Number of protein chains: 2
Amino acid sequence: MDVCQPYNVNAAECPSRAVLEHVTSRWGVLVLALLLDEESLRFGELRRTISGISEKMLAQTLQTLERDGFVHRAAHAVIPPRVDYSLTDLGREAAAHVWQLARWVERRLPDVREGQERYDRDRAAAR
Amino acid sequence: MDVCQPYNVNAAECPSRAVLEHVTSRWGVLVLALLLDEESLRFGELRRTISGISEKMLAQTLQTLERDGFVHRAAHAVIPPRVDYSLTDLGREAAAHVWQLARWVERRLPDVREGQERYDRDRAAAR
DNA sequence: CCGAATCCTCAAAGATACTG
DNA sequence: CAGTATCTTTGAGGATTCGG
């Protein structure tokens, strides 16, 4: 009932912890979310849609997710090259979970912001 | 239906994105998980239970979660100082979601590891 | 005992240039 | 087009010190 026995979380020593970081990482979340409702996308399409991502980080993120078995990579032997990315069944499950969490955060965002403002106000008043 | 309109994810420009990172961060996950089934813990108890965390990161994580309204901080005016941390209702919801994701990852870990091994084997063979 | 403040390091992210 | 290779930069995180 815990992530790596007694909450020891050195990712290198904790496989599930590493995978969790892959799917919740800055770009991982977005790649999963995007593929979840687009079904299949090319490298360039992902790059253009996810504003701000570098080629390096996109390639790295896709490789990690592919290695974990969440993303399927279909390289077509044509010129110019064409590579399509899509979710595997496992990846669709992962994406659904992550997406659910992301949506909860968005739903509750008003409450969170209210809390933040009170916190900041209280701390400002204490000075 | 998306995290910050067109998948733009600069955390500074995207409040929900920032909050998502708080709850899925390396230490945030553990603090939430721990408080979820311990109800209330002191600073030192958290520090000792989460092996590997530094005081700085624990303090920082707790402050962030408190500011978001997920964690309640009860400082008792005694000597030596005593501070108890617990989850708010909002925090309990957040923790439950994060925890559900973490448990899914752990359940599916065997599948992931199998995929990783095949991936590594295939890439090694290609050399 | 619970932190705040400071300094420091090293790994991850970005920028750039290049290739099959 | 879809990456890889290399270099630089940034900032999260750790170590240490200090104080209430």
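As the structure is a computational prediction, the values presented were derived from the model and not from experiment. Here is how names work: the chains are called A, B, and so on, in the same order as the sequence lines, proteins then strands, and each is numbered from 1.
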Charged N to carboxylate O below 4.0 Å: is that the case for B:D89 and B:R92?
yes

Check this one for me: any side-chain N or O of A:R82 less than 4.0 Å away from OP1 or OP2 of D:dA2?
no

Just call it for B:R47: base, sugar-phosphate, or nothing, with non-hydrogen atoms closer than 4.0 Å on any strand.
nothing

List the steps and the verdict of side-chain contact (heavy atoms from CB on, under 4.5 Å) for B:T88 and B:V71.
CA-CA 6 Å; B:T88 62; B:V71 160; 5.9 Å; no

Let me know, please, whether B:Q63 or A:E55 comes out on the 5' side of the other along DNA chain C by nearest nucleotide.
B:Q63

If you only use heavy atoms from C-beta on, which nucleotide in D:dG13, C:dA13, C:dC1 is closest to the side chain of B:K56?
D:dG13

State whether B:R42 places a side-chain N or O below 4.0 Å from either non-bridging phosphate oxygen (OP1 or OP2) of C:dC2.
yes

Over all strands shown, is A:Q60 touching base, sugar-phosphate only, or nothing at heavy-atom distances under 4.0 angstrom?
sugar-phosphate

At under 4.0 Å, does any side-chain N or O of B:R26 touch on OP1 or OP2 of D:dG14?
yes

Residue pairs meeting ring-ring contact (aromatic ring centres under 6.0 Å, His included), one or both in residues 103-125 of chain B, sequence neighbours left out, come to A:H97-B:W104

Presence of salt bridge, B:E21 and B:R17, under 4.0 angstrom
yes

Indicate whether OP1 or OP2 belonging to C:dA12 is found under 4.0 Å from a side-chain N or O atom of A:W27.
no

